[in-house]
Peer 1: 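Let me begin by handing over the structure; questions about it come next.
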2 protein chains.
Amino acid sequence: MEIALVGIGKIAVDQHVPAIDASPDWKLAATVSRHGTVDGVPAYTDFTAMLQERPEIRVVSLCLPPVPRFAYAAEAIRAGRHVMLEKPPGATLSECHALEALARAHRVSLYATWHSRQAEQVAAARAFLAAAPLKRLEVRWREDVRHWHPGQDWIFEPGGMGVFDPGINALSIVTEILPDPIHLTTAELRFPENRQTPISADMAFFHPQGAEVTAHFDWLAEGAPEWTIEAETEAGYMLLEDGGAKLTIDGAAPEAAPPGLTGEYPRLYAQMAALVQAGGIDMDLAPMRHVADAFTLGRRVSVAPFHW
Amino acid sequence: MEIALVGIGKIAVDQHVPAIDASPDWKLAATVSRHGTVDGVPAYTDFTAMLQERPEIRVVSLCLPPVPRFAYAAEAIRAGRHVMLEKPPGATLSECHALEALARAHRVSLYATWHSRQAEQVAAARAFLAAAPLKRLEVRWREDVRHWHPGQDWIFEPGGMGVFDPGINALSIVTEILPDPIHLTTAELRFPENRQTPISADMAFFHPQGAEVTAHFDWLAEGAPEWTIEAETEAGYMLLEDGGAKLTIDGAAPEAAPPGLTGEYPRLYAQMAALVQAGGIDMDLAPMRHVADAFTLGRRVSVAPFHW
């Protein structure tokens, strides 16, 4: 199937283009971006023009920042195209609900992707926790924003989500691997006094069986990043590291899963192919709801200004 | 049907008790509150004890503040009781989703009430807008917090929602009367520097037909409150005033509706009776999503401290 990629920035070049190139399902048939292009692929700067001139492209993948994403997604759906959304799927929950309704009305597929859910060991962690009553779960998601988002001022603007931009990856894994629903009870969000989004945050959750569930996000951690979820359970100690790539249970690696597709983005594109085939919609907003809950219920603390 | 009322504060005494007393459907059979009681009604301070000692009470109405509400609602549902929730239905969207899943699992009714949707002229406004293409809609919701919420510090604490506590009433009407879905595009939230929730806010929304939709909430408006929604349409100018109680189209009152139940809370309790009868769940979270969107996407501005 031919696909168009919209928003040719770092994530598109690093992840989407290689995943599409390596996939047997997809052919990158166009890009749309103000500045970015991909060698050998027809490049558009006007999305409407691309939709009109390339009716054979039935699927559009949107990797621009969340705030402008709705307008592109709605236009694509109205033009009868299937749509794949980078995470988070939008700037507001309400626009995501509206998009889903629009996709149903136009009978096209819509996929809110959460790439971290496709990390190598997430499925194994989910299988372990399904049969292991939880006592305690702690998320530690610490990285250096200057290294991972150099100069990306939009993440500190309203709607950019701040430290929840990486944090939502952790929340997407947690909501995938826990068999029970959780919800925020308290949070503290630290806003640099010259910025509109938090640079660090702590969250505590209610768990229906009384387990202690917390998450700690920090964007000022220098050196190697920590993307860890650890869980104490009645069946042992689970450590999910490297953003879901590495898993140990009581210190030992679980049996290797049968070989399959490797890599988060190749799996996302395989999922999208299956979704289009089946005419399905996958618009799970749970990770984004937890972030909205943190902004709504969290205690705001003003901290030192942030400069790149 | 016998009903228990939990959280005997201002809203319970002013609205819930008279509505239950006047209803042919309900009998107030118990109250649960730390301090409040209702003359002639058995009063409990322990919710668990009430549920255990009064198995004949099948329905529970919760009017305590949003933050503690989830624990009561979940306990009631687990005890097989039908539950009615004051607005907003919880402190987080995720807990409301969890409650709905719990109610389905226990096959009980759950009703997220939005009392302003039951105001006298809301249905007429909805009927008018259904056939009147929208050009502009403006919400102006201005009141004196010192008069309407005297000393209620919880509304300025995390989760208390601040000016969105009344503002969500306006949003519940707007989402009821507009035939098209809207979503927030920009917002400005003004936080007193000594408080955790905003004291005023402005919101601007995307409307699928391009109408200009805005909302303005102010808690520092002295004198008479203004609870107004005005709409310019291709079929005339609609003015919905007094929180939904008064409607004019191009300056004239519409034909009177056939006589029915009068008052917001009597209608809510009639709805709850019908819901229990039908075994239904009504958990529309749209107004709360717009508030969460405002906290997530809104620009935060620090303003003068607030003191009672």
Side-chain angles (χ1 to χ4, degrees), chain A residues 66-68 70-71 74 78 88 90-102 105 157-162 164 171 175 180-189 191 193 195-198 203 205-208 285-302, chain B residues 66-68 70-71 74 78 88 90-102 105 157-162 164 171 175 180-189 191 193 195-198 203 205-208 285-302:
Chain A
V67 169
F70 173 83
R78 286 212 175 82
T92 65
L93 288 162
S94 301
E95 76 186 55
C96 293
H97 280 260
L99 268 192
E100 183 172 345
L102 199 63
E157 282 298 297
M161 288 200 176
F164 291 111
L171 294 169
T175 49
D180 294 299
I182 57 172
H183 65 259
L184 189 74
T185 50
T186 60
E188 183 170 299
L189 278 57
F191 291 75
E193 59 184 46
R195 303 284 177 168
Q196 283 287 331
T197 59
M203 304 171 80
F205 295 88
F206 172 89
H207 180 270
L285 301 178
M288 198 167 159
R289 265 201 304 271
H290 288 301
V291 172
D293 289 343
F295 276 102
T296 306
L297 182 58
R299 184 169 290 276
R300 295 165 304 102
V301 177
S302 189
Chain B
V67 169
F70 173 83
R78 287 212 173 82
T92 64
L93 289 163
S94 300
E95 77 185 54
C96 293
H97 280 261
L99 269 191
E100 183 172 346
L102 199 64
E157 282 298 298
M161 289 200 176
F164 291 111
L171 294 169
T175 50
D180 294 299
I182 56 171
H183 66 259
L184 188 74
T185 49
T186 60
E188 182 170 298
L189 279 54
F191 291 74
E193 59 184 45
R195 303 283 177 169
Q196 283 287 331
T197 59
M203 304 171 82
F205 295 87
F206 172 90
H207 180 271
L285 302 178
M288 198 168 159
R289 263 200 306 271
H290 288 301
V291 172
D293 288 345
F295 276 102
T296 307
L297 182 59
R299 184 169 291 276
R300 294 166 305 101
V301 177
S302 189

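Every chain is numbered from 1, with letters handed out A, B, ... down the list of sequences. Side chains are part of it too, since the values below use all heavy atoms of this structure and drop only hydrogens, waters and symmetry mates. Remember, predicted model here, so these are calculated numbers, not experimental data.
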Peer 1: Using a 4.5 angstrom heavy-atom cutoff, name the option from A292(A), P181(A), S94(A) with the most pairs to chain B.
Peer 2: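 With the most close heavy-atom pairs to chain B, the winner is S94(A).
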Peer 1: With a 4.5 Å limit on heavy-atom distance, are the side chains of F206(B) and E95(A) in contact?
Peer 2: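 A side-chain contact under 4.5 Å is absent here.
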Peer 1: Which region of F70(B), side chain (C-beta onward) or backbone (N, CA, C, O), has a non-hydrogen atom less than 4.5 Å from a non-hydrogen atom of chain A, or is it both or neither?
Peer 2: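 Only the side chain of F70(B) comes within 4.5 Å of chain A.
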Peer 1: Can you name the salt bridge (charged side-chain N to carboxylate O under 4.0 Å, His left out) partners of R300(A), sequence neighbours left out?
Peer 2: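 Testing R300(A) for salt bridge (charged side-chain N to carboxylate O under 4.0 Å, His left out), a comparison that skips the adjacent residues, returns none.
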Peer 1: Is T186(B) in contact with chain A via its backbone, its side chain, both, or neither, using a 4.5 Å heavy-atom distance?
Peer 2: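 The answer is neither part of T186(B).
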Peer 1: Checking heavy atoms, do the side chain of F164(A), its backbone, both or neither come under 4.5 Å from chain B?
Peer 2: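 Neither the backbone nor the side chain of F164(A) comes within 4.5 Å of chain B.
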Peer 1: I'd like to verify something: which residue of D293(A), V291(A), L297(A) has the highest number of heavy-atom pairs under 4.5 Å with chain B?
Peer 2: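 Option with the top pair count is D293(A).
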Peer 1: Could you pull out all residues at least two apart from R78(A) that satisfy salt bridge (charged side-chain N to carboxylate O under 4.0 Å, His left out)?
Peer 2: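 Testing R78(A) for salt bridge (charged side-chain N to carboxylate O under 4.0 Å, His left out), a comparison that skips the adjacent residues, returns none.
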Peer 1: Give, as side chain, backbone, both or neither, the part of L102(B) having an atom under 4.5 angstrom from any heavy atom of chain A.
Peer 2: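 Neither part.
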Peer 1: Mind ranking E157(B), M161(B), H183(B) by heavy-atom pairs under 4.5 Å with chain A and telling me who comes out on top?
Peer 2: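 Of the candidates given, the most pairs with chain A belong to H183(B).
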Peer 1: Quick check on S302(A) against chain B: is it the side chain, the backbone, both or neither that has a heavy atom closer than 4.5 Å?
Peer 2: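 For S302(A), there is no contact with chain B at all, as no heavy atom is under 4.5 Å.
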Peer 1: To the nearest 0.5 Å, how far apart are CG in L184(B) and CG in L93(A)?
Peer 2: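 Separation between the atoms: 11.0 Å.
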